[in-house]
2 protein chains.
Amino acid sequence: MTVIYDPQNPLRSPVTSADRVLYAVQQAIVEGDIAAGSKLTETGLAKQFNVSRAPLREALARLERCHLVERTPNAGVRVVTLSYESLIALYQIREELEGLACRLAAEKMANEEVDALSKLLEQHLKDQRVREGESYYQEAGDVDFHYRIILASKNQYLINMLCDELYFLVRMYRVQLGMNGPRVSRAFDEHKAIITAIANRDGELADLLMRRHISASRKNIETKLQAHKEVS
Amino acid sequence: MTVIYDPQNPLRSPVTSADRVLYAVQQAIVEGDIAAGSKLTETGLAKQFNVSRAPLREALARLERCHLVERTPNAGVRVVTLSYESLIALYQIREELEGLACRLAAEKMANEEVDALSKLLEQHLKDQRVREGESYYQEAGDVDFHYRIILASKNQYLINMLCDELYFLVRMYRVQLGMNGPRVSRAFDEHKAIITAIANRDGELADLLMRRHISASRKNIETKLQAHKEVS
DNA sequence: CGACAGCATTATGTCGACAATGTCAGGAAT
DNA sequence: ATTCCTGACATTGTCGACATAATGCTGTCG
């Protein structure tokens, strides 16, 4: 299985042309450089990236896998549009799966890993760039935290579904709606509580806290999305 | 998004060569005609199905998506092998996601849909072929029941993940380990209880019952897998 | 006898071209 | 004026061939 987020390959160095194109287009979609809802033509993208349509089609297929584009047979692919319904649907699943991930992590994480994660969090708290609310670092820190717990679950399907199939979409919502508000410090406290639960090997509590954390995050995005819709 | 199990297209009529090949290979893997763990070569399969490698590669990519094969860059694809760890991992996720599906179905299913599902179940109970334990019909009936609930959740990501990405693997375990034992009647009772909970709009209970139902199913398969391993 | 290096073979990755399908604008008929 | 048909255009689906990387064999060396 091609794991897009490969713990052995965190920098995602492309081994093939299709990888290169995938990473580029993926980022462009997530960050809004390619507008949501716009149509992607194979020939156009192929020219743009100086590759033939074969690797490009593979890249599109993999974009479809992570729900960033939708394909209709004989018609083409279109970048997904952000909507209230999709956001809710996405976060409902995140609650379940990341809750499970927490429960499993509480069982399987080595003490050293827990310490490392705890240190990572402290480091992010001290990091000036985070405190100044620079969106990118904050985003990266949060994603890193969630990724580590998911990976610690050691459940291959769970890892694949969350890191490869859902998280790009999560990031798309957060980036495009500009999630850099006052939730930062509260999120840190929530992260801290989750780690503590995991350290205490209290899977049930870790599960509950993660669900609440994600639920709070969802509510936060909901308000932004509301504002976003009112503008457009 | 290409929904492999399309409620509008339950017979999965192939619209493209890639579809045709996909359906054929998918079934062959699920039913064990292509052995678990065996290597699939693009050229070989292309000749076998009288198509070029382009649509075949797409079919393989989609097989990868539903976790039936694993691809290593520049090395090829290999049919997955059944293992205890994978089975557990798979069912852990099913418990969470199908539990969620039940909860959502209890909210969103129309009364008519609940009645229809209830009737479907009664019909399966009466069906002679099911009572005689013919594996295929029993399998189909169970899958149908679960599919309907998942579809009733109206959560696109949930539907996609369960019906398109996980259920072929679930079926692979069941078919290849010969799940046609005495669990049938108990499963029917469990299904019945789930429908009742949904009819009563008790999402919490439906969730719990579905989790237990899947857990029981897992334990049932675990014993078969154990026997399977001891033989081989 | 075992291990390693080099080569031949095979399979995957990529390419450009053709075929089939969908899209859209313009005109004819109602 | 609106609807339907028609045909040209654009885009996707498929093909065969070439480039490149992995696999397996063979012969040689330790």
Rounded to the nearest angstrom, tell me the gap between atom [atom1] in [X] and atom [atom2] in [N].
X	N	atom1	atom2	answer
A:Glu58	C:dT12	CD	P	13 Å
B:Asn50	D:dT14	CG	C1'	14 Å
A:Leu56	C:dG13	CG	P	16 Å
B:Leu45	C:dA11	CG	P	11 Å
B:Leu22	D:dG13	CG	P	14 Å
A:Lys47	C:dC15	NZ	P	15 Å
A:Asp19	C:dT12	CG	P	16 Å
B:Glu42	D:dA22	CD	P	15 Å

Within a strict 4.5 Å, meaning less than it, do heavy atoms of the B:Phe168 and B:Ile29 side chains meet?
-> no
Heavy-atom count around B:Gln27 CD within 6.0 Å, excluding the residue itself: above 12?
-> no
If you count the non-hydrogen atoms of other residues, nucleotides and ligands that lie under 6.0 Å from NZ in A:Lys47, is the total more than 12?
-> no
Where the side chain of [X] is concerned, which of [options] is the nearest nucleotide?
X	options	value
A:Ser52	C:dG22, C:dA17, C:dC15	C:dC15
A:Ala75	C:dT23, D:dT12, C:dT14	C:dT23
B:Thr43	C:dT12, C:dC15, C:dT23	C:dT12
A:Arg71	D:dT12, D:dG13, C:dA11	D:dG13
B:Thr41	C:dA11, D:dT12, C:dT14	C:dA11

Counting only side-chain nitrogens and oxygens, does [X] get under 4.0 Å of the OP1 or OP2 atom of [N]?
X	N	answer
B:Thr16	D:dT14	yes
A:Arg57	D:dG13	yes
B:Lys39	C:dT12	yes

Point-to-point distance, once rounded to the nearest 0.5 Å, from CG of A:Leu97 to CE of A:Met210 | 11.5 Å
Which residue, A:Asn74 or A:Arg53, contacts DNA chain C at a nucleotide closer to its 5' end, judged by nearest heavy atom?
-> A:Arg53
Can the ring centres of B:His191 and B:His146 be said to be less than 6.0 Å apart?
-> yes
Check ion pair A:Arg53-A:Glu42 (N to O, under 4.0 angstrom) | yes
Would you indicate what A:Leu40 reaches in the nucleic acid, counting non-hydrogen atoms under 4.0 angstrom: base, sugar-phosphate, or nothing?
-> sugar-phosphate
Do B:Arg20 and B:Ser17 have side-chain N/O donor and acceptor atoms under 3.5 Å apart?
-> no
The ring pair (Phe, Tyr, Trp, His ring centres under 6.0 Å) partners of A:Tyr167 (sequence neighbours excluded) come to A:Tyr147
Rounded (10°) bend between the five-pair end axes of the helix from C:dC1-D:dG30 to C:dT30-D:dA1 | 20°
